[in-house]
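Throughout, residue positions are numbered sequentially from 1 according to the sequence presented. Just so we're clear, the structure is a prediction, and the values are computed from it rather than from any experiment. Computed over heavy atoms, backbone and side chain alike; hydrogens, waters and symmetry mates excluded.
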Amino acid sequence: MANVLLLTTQIRRKSAIDLPKESGELQNAASNDTRTMQRLLMIWLVIMIGFGISLSLLYPGHYSFDSAYQYWQARTGKFSNVTPVPMIGLWSVLLDVFGNPASLLCLNLGMFWAGLGLCFASRKMPLALAATGIAVCGLSPLVLMQMGHLLSDAHVAALLVLATGLFATCRVGDSGYKVCFAFVLIVYAGCIRQNALAAVIPFGAMAASIMFPPPRLRFLLAGAVVTAVITLAVSTAFDRTLAVERRPLWPMLAIWDLAAMSVASNQLLLPAFTHGPGLDVEELRETRAFDPVSAAPLFARSRSGMKSGLEGAFSVEQQRELAASWLSALRDHPSAYLGHRMRTSALLFGRHGSETSGLAYYPTQTSYRDNPELPARWNPSAHQYLVDLADRLVSTWFFSALPYLLIHLTIWVLAAHRRQHPHATIVLGVTSSALLYSASFVILAPSAELRFLTWPIIAAPLAAMLWFAAPRNLATIASATHREG
């Protein structure tokens with residue numbers, strides 16, 4: 001009986017001690033949840049402020065000639081596949097709904113800032129640091145000038161930032177709506193530019209590694225292949241359904257490469273049907289028709305005239321002859337071709353001095369045919385201040401792509417070295433996408449326009465943040481990775 005009384009007393013004492021502990025733990029958990037919710041609300045408040053600032057500075061956007069031409073197509077429905085048609089088709093829908101060409105700018109900025117919000121909300125960091133990171137990623141002059149373009153480059157970047165944000169909030173083994181929505185975004189993004197496939201293939205591998213942990217080579221390859229196949233199929237379907245005028249774009253690039261090799265080898269390598277009578281290498285030099293900065297002068301400066309195949313399409317036989325001449329020149333003059341491509345790449349990735357400063361951004365509002373007058377700017381003085389600031393920075397390394405590519409390369413090496421790290425998957429996906437996409441321009445760039453590299457530029461500070469800041473669900477991810485391993 002004494003033993004029973006002693007045991008009962010011990011149980012009561014233990015309960016009296018444990019109850020305050022459990023109560024304290026519950027209070028701490030509730031307090032942590034409250035602080036987390038407050039932090040998330042503050043991050044989204046900063047995101048909304050950033051979105052408002054960028055929209056007020058950029059509205060109604062920057063309309064280069066290409067933008068004005070695409071706006072005209074969206075208005076009239078006369079789609080040309082010189083620029084892939086999906087974005088123009090979406091713009092046409094936005095015009096039908098809102099009647100405002102700036103609706104595409106609003107959509108781009110909305111997706112961009114939503115993606116930033118998801119990325120920063122998925123990471124653990126002090127609120128002040130998060131706010132600073134958001135400002136760096138979203139409000140730097142270079143980012144603003146590039147995102148202000150109503151062009152495919154800004155649209156692709158916005159889509160991929162949003163997809164990155166969705167993937168950043170996923171847990172290992174997740175195959176729910178966020179992964180599915182992100183996959184739809186990357187497939188659509190891959191249809192926007194001729195070489196955008198290079199940017200989305202790594203995202204396909206990333207999706208596979210999230211859905212089927214742990215990362216295995218066969219799953220990564222399967223994700224990349226499935227993404228490429230579906231993207232090509234969807235892109236072809238868009239082209240066949242929407243485009244009423246089709247022109248192959250590669251002849252312009254081939255003619256520019258052939259002109260470069262002609263000047264370097266002092267031998268005219270261009271087929272006769274591509275130019276007027278009397279054209280020779282000396283004319284290409286004298287008139288500066290060949291310009292390593294851009295292919296456009298080739299079709300405007302020569303006295304004899306040059307055809308691009310865009311105004312009037314080359315016949316099938318002419319396209320075959322042009323392709324044969326291109327391949328033959330590559331075989332016979334490889335050093336001339338490499339020199340041309342390296343020189344253009346240096347102009348594209350490096351500082352934009354007097355030779356290329358006009359190709360860094362286009363803060364214009366160009367009209368085209370019967371396009372109606374564009375909406376008025378909301379803050380003309382603030383916008384002009386941004387443009388003046390960009391003009392002062394345009395010749396610096398800050399307004400060049402190389403520093404951002406070096407950031408990607410550094411982060412990629414760190415993530416590849418520690419690829420078992422819980423958040424290496426998303427970082428490797430983003431950096432691989434940016435680097436592969438940038439590399440495609442070494443071969444495919446028709447000029448040194450900085451806008452081509454909008455996605456790699458925007459993704460660089462974002463990738464650094466995703467690598468150095470721990471995920472909020474780190475313990476869950478690490479545990480899942482350990483179990484799967």
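Under the 4.5 Å side-chain criterion, counting only non-hydrogen atoms from C-beta, R341 is in contact with D257. Looking at L57 and N379, their side chains never come closer than 4.5 Å, going by heavy atoms from C-beta outward. Within the 4.5 Å cutoff, side-chain heavy atoms of Y404 are placed close to those of L142. Residues V200 and L160 are in side-chain contact: their nearest non-hydrogen atoms beyond the backbone lie under 4.5 Å apart. Here the side chains of N371 and T366 are not in contact, with every heavy-atom distance at 4.5 Å or above. In this structure, L462 and C119 have side chains that are in contact, with non-hydrogen atoms separated by less than 4.5 Å. Using a 4.5 Å heavy-atom threshold, the side chains of S325 and L270 count as separate. The side-chain heavy atoms of R351 and S395, taken from C-beta on, include no pair separated by under 4.5 Å.
Of the possible polar contacts, one joining the H423 side chain to the W467 backbone as a donor-acceptor pair under 3.5 Å is found. Checking side-chain atoms of R285 against main-chain N and O of V263 turns up a donor-acceptor pair under 3.5 Å. In this structure, the side chain of S56 engages the main chain of I53 through a donor-acceptor pair within 3.5 Å. Remark: the backbone N or O of A74 is paired with a side-chain donor or acceptor of S92 at under 3.5 angstrom. Judged by distance alone, with hydrogens and angles left aside, the side-chain atoms of S235 form no donor-acceptor pair with the main-chain N or O of T231 at under 3.5 Å. H149 places a side-chain N or O within 3.5 Å of a backbone atom of Y362 that can act as its donor or acceptor partner. Distance alone, capped at 3.5 Å, places no donor-acceptor pair between the Q73 side chain and the I88 backbone. Between the side chain of H408 and the main chain of A460, a donor-acceptor pair closer than 3.5 Å is present. Checked by atom type and distance alone, the side chain of Y361 pairs as donor or acceptor with a backbone atom of D391 at under 3.5 Å. The backbone N or O of A324 lies less than 3.5 Å from no partner atom in the side chain of S328, so there is not a single donor-acceptor pair.
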Begin from the C-alpha positions of Y59 and N100 and carry the test side-chain hydrogen bond (donor to acceptor under 3.5 Å, both in side chains) through to its verdict. CA-CA 11 Å; Y59 186 91; N100 187 336; 2.8 Å; yes
For side-chain hydrogen bond (donor to acceptor under 3.5 Å, both in side chains), just list the numbers for D153 and T454, CA-CA rounded to whole Å, side-chain angles, deciding distance to a tenth of an Å, and then say yes or no. CA-CA 6 Å; D153 315 277; T454 300; 5.4 Å; no
Could you walk me through whether H62 and M145 pass the side-chain contact (heavy atoms from CB on, under 4.5 Å) check? CA-CA 8 Å; H62 299 158; M145 293 304 289; 3.9 Å; yes
Stepwise, does the side-chain contact (heavy atoms from CB on, under 4.5 Å) test hold for R392 with L389? CA-CA 5 Å; R392 291 194 295 270; L389 178 60; 3.6 Å; yes
Run the side-chain contact (heavy atoms from CB on, under 4.5 Å) check on L249 and N81 step by step: do they pass? CA-CA 9 Å; L249 195 61; N81 70 342; over 6 Å; no
Evaluation steps, side-chain contact (heavy atoms from CB on, under 4.5 Å), between H383 and W378: CA-CA 9 Å; H383 177 266; W378 284 350; over 6 Å; no
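Residue-environment remark: CZ (F181) stays at or below the threshold of 12 foreign heavy atoms within 6.0 Å. No more than 12 heavy atoms of other residues, nucleotides or ligands sit less than 6.0 Å from atom CH2 of W412. At most 12 non-hydrogen atoms from other residues, nucleotides or ligands lie less than 6.0 angstrom from CE of M48. Environment of CZ in R343: crowded, with over 12 heavy atoms of neighbouring residues, nucleotides or ligands closer than 6.0 Å.
Here the closest non-hydrogen pair linking P248 and L310 is O-CD2, 4.0 Å. The two atoms that bring R301 and A289 nearest to each other are CB-CA, 3.9 Å, heavy atoms only. The shortest non-hydrogen separation linking L55 to C106 is CD1-SG, 3.9 Å. Minimum heavy-atom separation, F441 to Y437: CD1-O, 3.3 Å. Closest heavy-atom contact between G138 and L144: O-CD2, 3.8 Å. T425 approaches S209 most closely through the heavy-atom pair CG2-OG, 2.7 Å.
The pair E317-R320 does not count as a salt bridge, with every side-chain nitrogen at least 4.0 angstrom from each carboxylate oxygen.
To the nearest 0.5 Å, the span separating CD1 on I255 from OG on S262 amounts to 11.0 Å. The line from OG1 of T274 to CZ of F299 is 8.5 Å long, rounded to the nearest 0.5 Å. D332 CG to L269 CG: the interatomic distance, rounded to the nearest 0.5 Å, is 8.5 Å. Separation of atoms CG (L116) and SG (C137) is listed at 6.0 Å; rounding is to 0.5 Å. A distance of 6.5 Å separates CG in L359 from OG in S294, rounded to the nearest 0.5 Å. A distance of 13.5 Å separates CH2 of W91 from CG of D96, quoted to the nearest 0.5 Å.
Using cut-offs of 30° and 60° for the angle between ring planes, the F65 and Y69 rings count as parallel. Ring planes of F203 and W455: tilted class, angle from 30 to 60°.
Separation of the H155 and Y188 ring centroids falls under the 6.0 Å cut-off.
Residues in residues 304-347 take part in these ring-ring contact (aromatic ring centres under 6.0 Å, His included) pairs, two or more places apart or across chains: W256-H340, F273-F314, F290-H340.
Every salt bridge (Lys or Arg N to Asp or Glu O under 4.0 Å) that R75 has, sequence neighbours left out, goes to D370.
Side chains of D66 and Q70: no donor on one and acceptor on the other come within 3.5 Å.
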